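As structure tokens, the structure follows; a few thoughts come after it.
So that the names make sense, note that chain A is the first sequence line, chain B the second, and so on, each numbered from 1. Remember, it's a predicted structure, so these values are computed and weren't measured experimentally.
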Amino acid sequence: MFLVGILSWWYGDGWKQRFLMIKDRLSHTSDYFSISILIKTLFSPYRQISAGNVSGPIGVQIRAAIDRLISRVVGMFVRLFVIIAGVLSICLQAAIGAVVLLGWMFVPAMPIIGLMIFAIGWVPLWR
Amino acid sequence: MALGIFQYNSYRAEKARINVGLTKLIVTLLLASTIILLLAGVAFLIIGEAIGWALVGLSAVPAMIVEWKNGELSNLLPQKGSVSIDGLLEADILGILPHKPTPYDVATAVGRVYGGQFFAARFGIGIGFLQELASKEAGDLDSLWQEAVKLQQQTDSKVVTAGMLAVAIIKSHIDHEALLAHLQLGVDDLIKGVKWQQHIDELIASSKNPKKTGGIGRDWSFGWIPTLSRFGQNISQQVSASGLLAVKLESHQDALDRLIAILGSKGKGSAALVGPDGVGKTTIVYALADKLLHADSDLPDSLKFRQIFILDASSLISAAPGRGELEALVTRILGEAYTAKNIIICLDNAQLFFEEGIGSVDLSNVLLPIVEAGRLRIIFAMDEQRYLKISQRNAQLANALNRISVAAPTRDETIAVMQDQLIITEFRQSVTYMYQAIQESYRLSERYIHDLAMPGRAVKLLESAAGYAENGLVTAVSVQQAIEKTQDIKVSIASGAEDRDKLLNLESLIHERMINQSRAVTVVSDALRRARAGVRNQNRPIGTFLFLGPTGVGKTELAKALASVYFGGEDRIIRLDMNEYVSNHDVDRLIADGADDSGSLTARVMKQPFSVILLDEIEKAHPNVLMTFLQLLDEGVLRDVKNREVSFRDAIVIATSNAGADRIREHIERGIDIEKFESQFVDELISSNQFRPEFLNRFDEIVMFRPLDKSELLQVVDLILKDVNKTLSLQKVSVVVSQEAKEYLVEQGYDPKLGARPMRRVVQRAVENTVAKKVLSGEVEAGGVVEISLDQVSAIITAKQQADAIAAGDN
């Protein structure tokens with residue numbers, strides 16, 4: 001019963017749970033790096049600096065427009081940097097997740113594999 | 001097979017037993033062995049030993065068991081389409097049931113698991129109680145399972161929990177209702193307990209769910225808010241840091257939905273949350289803050305990730321004391337909030353921003369244009385009265401606001417709020433609340449706490465009861481003690497020996513202060529005994545009595561004696577001379593707000609609900625004043641001018657009247673027993689239009705006081721002399737008056753019209769004057785006894801009479 005129970009869970013709900021866990025982690029990482037928000041607001045003025053309409057002579061308005069542009073450009077670079085960092089983190093996490101999911105399949109076989117290699121007597125050469 | 005069958009060897013039952021077997025210690029050992037095997041294996045491989053492979057491989061075995069335990073066994077799901085009870089039983093209980101259980105075994109198992117311990121702590125239903133009730137016949141198990149499954153379906157639960165089994169065991173006992181009554185519980189309460197435990201489990205599960213709150217770049221497209229951060233309280237930040245522990249109340253959900261609709265609209269998106277203090281206006285704002293922070297919630301985009309700041313009027317005023325400074329500061333703060341684009345301002349106690357007078361602020365001129373333009377979302381929270389006041393003074397502002405009325409939650413909702421709140425209180429105060437304490441908090445706060453609405457007042461009482469916990473357990477008695485100490489009343493059933501003795505001997509205690517009038521003394525004593533034994537009608541005053549009779553027979557004295565003996569002092573009398581309430585507008589004085597008139601009846605009873613209310617000379621009151629008393633006498637409540645319900649349910653109401661005194665005296669002189677004359681006399685009072693029948697019918701008892709005869713008046717003299725001796729005890733002097741002198745005093749002190757009332761004056765004049773002279777002349781020293789004879793008394797009284805006659809002749 002014990003062996004059947006553990007193995008049927010391992011290759012059934014256990015594997016599914018592991019998959020959902022990895023999915024949740026990816027989603028959490030995506031939220032942490034605010035990727036969807038940053039994409040939506042990529043060109044917004046950073047921290048609303050110089051944002052808003054300015055009335056006055058044309059010179060003042062041009063200067064305000066330039067300030068606004070700078071704020072947007074700064075914002076775009078900061079956001080892009082974070083988006084890229086976030087995407088890289090997600091990719092890395094996804095890769096680790098895939099390895100874990102794949103490795104999960106072989107864990108129950110580890111004692112047998114270990115004993116077999118031990119019986120063969122092979123050891124890696126470190127030099 | 002039916003759900004009444006228990007299969008010990010089912011697959012799920014086996015798993016449950018494995019789970020129980022994998023104790024914390026074993027899991028820790030398994031984890032340790034995984035690490036040791038893995039490290040040892042790697043070490044062997046490094047030194048070139050092939051056994052390392054075997055150790056690394058074997059390390060997977062304990063690791064897998066731990067994973068299995070955490071992934072499946074500790075949260076064993078119910079078996080879909082199960083045809084036997086083992087497919088539905090909660091895993092922890094399923095794992096410890098024996099092969100062929102009896103209800104007794106089930107009771108034992110229930111007491112050992114979390115769900116059973118929850119019932120033991122919250123309801124006082126422990127393992128011993130359940131074992132006492134449970135049968136030891138295996139044949140009785142079938143009906144037990146059936147009952148538990150019924151409860152599972154009734155509570156929409158996925159599994160049959162230990163709590164449900166506890167309820168099923170109790171219900172299986174024939175006298176369960178009587179047994180539960182001892183614990184002040186009913187079966188419905190136990191079912192609520194099952195739901196309460198379910199709710200706690202859900203809260204724990206939801207707290208484990210990952211929350212999406214926008215991440216590090218969430219606020220980058222919004223502006224800086226340095227001034228707002230300094231003067232405002234960011235409740236979104238608080239909610240995000242500590243989480244929000246609140247039930248979704250039906251009565252609040254409507255208000256929350258409307259608030260979201262108003263704030264998310266494109267028009268004048270400001271709202272006024274209007275409701276009494278304590279009803280949960282701030283809680284709604286917190287719930288909104290929590291909702292806005294969740295990226296996956298169903299919200300308009302314009303509201304997502306908005307942060308709510310509460311502005312505090314007093315801190316703003318103290319920061320900007322100069323003329324015009326406050327307006328400038330508020331303008332700057334609101335300007336920042338507007339520029340930031342993700343801020344919602346909440347003005348809690350919003351009326352503070354619109355007050356006139358010294359030390360107050362009126363920011364209508366600053367706020368009105370902002371609200372009207374709809375550029376900044378603002379939530380105003382205030383009570384109904386204040387909202388109406390602002391509407392009166394500044395109709396434009398009121399028109400610009402979208403009013404949302406916050407209704408008080410229902411009883412069940414309030415209980416649910418209390419259950420959630422106590423999780424925090426229990427953690428902070430290291431106490432455990434029993435279910436009965438929650439119920440009692442609701443009942444007593446509804447009755448005695450007037451300055452807050454539900455659920456605020458119930459929660460407040462519940463929190464204060466923590467200070468009266470015994471061995472860390474907050475019971476109904478703790479709540480009673482809390483309200484007794486804070487409100488200075490008695491709500492608990494008399495249990496102390498001293499209290500019980502006092503109640504049983506109330507008549508003799510009262511008679512130490514007054515002579516005869518036995519029937520009157522008995523009826524008030526009976527009323528108090530009924531109240532303190534818990535058998536009276538809780539929705540009326542303790543007792544309502546009308547005392548009829550001539551002046552000076554002890555009507556007022558009985559009220560005083562009662563206040564002194566039982567209510568804790570003569571200052572426990574709330575006395576109203578009804579000849580001061582003779583006009584129609586005196587009704588307003590009766591129910592005036594305590595802030596305007598601290599002497600109004602409602603204000604005094606609010607302050608001191610446990611008292612004797614003496615309505616002296618009731619016949620002189622205006623008919624409308626008497627009409628006002630009808631509800632008081634009938635239901636024990638009176639509404640004050642602010643429409644607050646003031647409870648008179650812990651008071652004894654005594655009305656006195658001289659109406660028909662001559663008739664009483666006449667009957668007594670004719671030797672008629674006045675008790676037989678009572679109903680005829682009441683009819684006469686009605687037919688002579690002195691009282692309306694509906695007024696007289698409201699009293700529990702109408703008692704007639706008869707004039708005192710000479711022998712009783714002699715006893716009154718003794719009582720007065722006792723008082724005189726009490727006063728003189730400070731000087732260590734005592735007085736003894738001869739029998740002849742006493743009789744003389746009775747003759748001189750008794751007036752057919754005024755009864756025994758002049759007696760005290762006459763005795764005091766005769767006795768105290770004599771003593772004063774003797775003390776001053778040195779005839780009596782400390783420890784001495786002053787003996788007063790008839791001659792001395794008559795000399796003083798004759799001299800006084802002569803002086804009075806001369807004074808009358810001069811006039």
Tell me whether [X] at atom [atom1] has more than 12 heavy atoms from other residues, nucleotides or ligands lying less than 6.0 Å away.
| X | atom1 | value |
| --- | --- | --- |
| A:Met1 | CE | yes |
| B:Gln237 | CD | no |
| A:Arg68 | CZ | yes |
| A:Phe2 | CZ | yes |
| B:Tyr8 | OH | yes |
| A:Tyr11 | OH | yes |

Does any heavy atom of chain A fall under 4.5 Å from the side chain of [X], the backbone, both, or neither of them?
| X | value |
| --- | --- |
| B:Glu67 | both |
| B:Leu73 | neither |
| B:Ala340 | backbone |

Side chain / backbone / both / neither for [X] at chain B, heavy atoms under 4.5 Å:
| X | value |
| --- | --- |
| A:Ile120 | neither |
| A:Ile37 | side chain |
| A:Ser44 | side chain |
| A:Leu7 | side chain |
| A:Leu115 | both |

Distance-minimising heavy-atom pair for [X] and [Y]:
| X | Y | value |
| --- | --- | --- |
| A:Asp31 | B:Gly214 | OD1-N, 3.1 Å |
| B:Ile216 | A:Val82 | CD1-CG1, 4.0 Å |
| A:Ser34 | B:Gly217 | OG-N, 2.7 Å |

- Go through B:Val61, B:Ile46, B:Ile18 and name the one with the most non-hydrogen pairs under 4.5 angstrom from chain A. B:Ile46

- Query: Between B:Ser59, B:Ala60, B:Ala54, which has the largest tally of heavy atom pairs under 4.5 Å with chain A?
  - Reply: B:Ala54

- Parallel, tilted or perpendicular: rings of B:Trp53 and A:Trp122 (30°, 60°): parallel

- Message: What I want to check is whether the side chains of B:Tyr11 and A:Ser8 have a donor and an acceptor closer together than 3.5 Å.
- Response: yes

Donor-acceptor contact below 3.5 Å, side chain [X] vs main chain [Y]:
| X | Y | answer |
| --- | --- | --- |
| A:Arg47 | B:Asp219 | yes |
| A:Asp13 | B:Glu72 | no |
| B:Ser221 | A:Thr41 | no |

To the nearest 0.5 Å, what is the distance between [atom1] on [X] and [atom2] on [Y]?
| X | Y | atom1 | atom2 | value |
| --- | --- | --- | --- | --- |
| B:Trp220 | A:Tyr46 | CH2 | OH | 5.5 Å |
| A:Leu3 | B:Met64 | CG | CE | 8.0 Å |
| B:Leu45 | A:Phe118 | CG | CZ | 11.0 Å |
| A:Gln48 | B:Ile225 | CD | CD1 | 12.0 Å |

- Heavy-atom side-chain contact between B:Lys15 and A:Trp9 under 4.5 Å: no

- Do A:Met110 and B:Val56 have side-chain heavy atoms sitting under 4.5 Å apart? yes

- Count the heavy-atom pairs under 4.5 Å between each of A:Gly5, A:Gly121, A:Pro45 and chain B, then report the option with the highest count. A:Gly5

- Interface check, chain B: of A:His28, A:Arg79, A:Met116, most non-hydrogen pairs under 4.5 Å belong to A:Arg79

- Message: Using the rule side chain to side chain donor-acceptor pair (under 3.5 Å), only one of A:Ser27, A:Ser36, A:Ser30 pairs with B:Lys212; which is it?
- Response: A:Ser27

